[in-house]
Each structure stands twice: as C-alpha cells, then as structure tokens.
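Since the model is a prediction, treat every value here as computed from it, not as a measurement.
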Amino acid sequence: QIQLVESGGGSVQAGGSLRLTCAASLGTHTAACFGWFRQAQGKEREAVAAINSDNTTWYLDSVKGRFTISKDNADKILYLQMTRLRPEDTAMYYCAVDLFFQCGRWNGPLRRKDAWGQGTLVTVSS
C-alpha cells in the first residue's frame, strides 16, 4: 500500500521561505516520478514541480527560480524548497507519485497520480 504524508506548511509573509516534506512509503512499488501540486481556493489543482527517477526536474513557469524540488536516493523523502514566496502561492500543497511514466525537463509533470498525500496548507500574506 502506498502512503504519502506531507508536512511543513504554514503561514509566512511575502518574500519568506518554507520547505515542504513528503514522506513516502511505496511498499513493493518503485516510483517513476514524484510531484508537487497545489490547489488554491476556488481554483483547479495544478502541477507545481516534478522530479524523475534520475533527478531531472520540471517546474511550473511561475515558480521557476523560486522553488526547488528534490528527493533522497531511497525515494522515501520528497522536498519542495520554496523561496521568495508570493501571496499567489497560497494554496493547499499535495505530493503525488507516478509509478509508470517518466517526467522531468523533457516529459513535463506527472501523467499518472497513483497516490496522493492529504495536503499541507501554505499561506502567504502580503
């Protein structure tokens, strides 16, 4: 059974930083790609960043240069380092895993979402 648990959300002022963590338990599965998504109130969920099994990455244009996705070699911890936060970054942030398809610079964000975490709330005040 796959389990993803996010943590690290909170309230910060614009320009501040937060680091989100996703603890992943994949059982007997192997991840092809991990990703971070967010959903602001009243809006659709959007892909924010993704990282491939070979550590190539993809980012939403609006977070490029501000957010960094990374993971440990054992695929047990996924991170999203967020800097220079803006009020428009306010959202519930979720991690997800794709067990089948590659993602990253040439392949884009996750194509499959085989499991989701419960989310962690990020609030950025102006």
Side-chain angles (χ1 to χ4, degrees):
Q1 184 176 356
I2 299 171
Q3 188 174 21
L4 304 174
V5 180
E6 302 95 335
S7 60
S11 297
V12 296
Q13 289 191 326
S17 300
L18 281 173
R19 188 176 78 162
L20 305 184
T21 298
C22 173
S25 176
L26 302 182
T28 59
H29 300 285
T30 301
C33 180
F34 283 101
W36 286 98
F37 293 75
R38 67 186 180 188
Q39 186 166 19
Q41 195 168 6
K43 295 188 177 181
E44 292 188 354
R45 192 172 298 190
E46 64 178 354
V48 174
I51 186 165
N52 211 6
S53 55
D54 62 359
N55 289 322
T56 58
T57 57
W58 171 91
Y59 294 96
L60 181 67
D61 282 348
S62 63
V63 308
K64 284 180 181 177
R66 301 189 298 123
F67 290 11
T68 303
I69 187 171
S70 62
K71 63 181 180 68
D72 71 332
N73 290 332
D75 282 355
K76 291 187 180 298
I77 303 289
L78 177 71
Y79 301 101
L80 186 67
Q81 179 68 48
M82 305 186 294
T83 64
R84 291 184 282 144
L85 282 160
R86 305 168 181 169
E88 54 265 38
D89 295 319
T90 294
M92 186 72 80
Y93 283 72
Y94 302 88
C95 63
V97 63
D98 182 342
L99 303 178
F100 296 96
F101 295 105
Q102 299 294 305
C103 61
R105 181 178 179 182
W106 308 113
N107 298 301
L110 267 73
R111 279 185 270 177
R112 285 171 59 102
K113 294 83 176 180
D114 292 298
W116 291 98
Q118 84 289 349
T120 186
L121 182 62
V122 172
T123 304
V124 184
S125 58
S126 58

Please confirm whether the backbone N or O of [Y] pairs with a side-chain atom of [X], one donor and one acceptor, at under 3.5 Å?
X: E6; Y: G119; value: yes
X: Q118; Y: V5; value: no
X: Y59; Y: I69; value: yes
X: T120; Y: G9; value: yes
X: T57; Y: I51; value: no
X: R84; Y: G65; value: yes

Quick one: are V122 and V124 in side-chain contact, heavy atoms under 4.5 Å?
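Sidechains of V124 and V122: in contact.
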Got T123 and L121 here, is their nearest side-chain heavy-atom distance under 4.5 Å?
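Yes, close enough: below the 4.5 Å cut-off.
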Nearest atoms (heavy-atom pairs only) where [X] meets [Y]:
X: A50; Y: C103; result: CB-SG, 3.8 Å
X: G108; Y: W58; result: CA-CD1, 3.6 Å
X: P87; Y: S125; result: CG-C, 4.5 Å

Check the hydrophobic clustering (I, L, V, M, F, W, Y; side-chain heavy atoms under 4.5 Å; chains of links allowed) and say if [X] and [Y] are grouped together.
X: L110; Y: V97; value: no
X: M82; Y: V12; value: yes
X: W36; Y: M92; value: no
X: F34; Y: I2; value: yes
X: V48; Y: Y79; value: no

Rounded distance [0.5 Å steps], [atom1] in [X] versus [atom2] in [Y]:
X: E46; Y: S62; atom1: CD; atom2: OG; answer: 6.0 Å
X: F37; Y: L60; atom1: CZ; atom2: CG; answer: 11.0 Å
X: R38; Y: E44; atom1: CZ; atom2: CD; answer: 14.0 Å
X: Q81; Y: S70; atom1: CD; atom2: OG; answer: 8.0 Å

Taking atom CG as the centre, does D72 end up with more than 12 heavy-atom neighbours from other residues, nucleotides or ligands that are less than 6.0 angstrom away?
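Atom CG in D72 is packed in, count exceeds 12.
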For R112, is the CZ atom crowded, meaning more than 12 foreign heavy atoms sit under 6.0 Å from it?
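Atom CZ in R112 is packed in, count exceeds 12.
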Suppose we screen for side chain to side chain contact (heavy atoms under 4.5 Å, CB included). Which residues come up paired with R111, at least two apart in sequence or across chains?
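Partners of R111 under the side chain to side chain contact (heavy atoms under 4.5 Å, CB included) test: D98, F101.
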Looking at D89 and R86, is any side-chain nitrogen of the basic one under 4.0 Å from a carboxylate oxygen of the acidic one?
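A salt bridge is absent here (no side-chain N lies under 4.0 Å from a carboxylate O).
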Find out whether the Lys NZ or Arg CZ of R45 is both under 6.0 angstrom from the six-membered ring centre of Y94 and within 45° of the ring's axis.
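Yes.
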For Q102 and N52, test the side chains for any donor-to-acceptor distance below 3.5 angstrom and give the result as yes or no.
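On atom types as modelled, these side chains qualify, holding a pair under 3.5 Å.
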Quick one: sort the F67 and Y93 rings into parallel, tilted or perpendicular, breaks at 30° and 60°.
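Aromatic pair F67/Y93 classed tilted.
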I'd like a table of donor-acceptor pairs (distance under 3.5 Å, sequence neighbours excluded) in which one partner is a side-chain atom from residues 16-31, with atom names and distances.
none

Pair K113-L99, side-chain contact (heavy atoms from CB on, under 4.5 Å): steps then yes or no
CA-CA 8 Å; K113 294 83 176 180; L99 303 178; over 6 Å; no
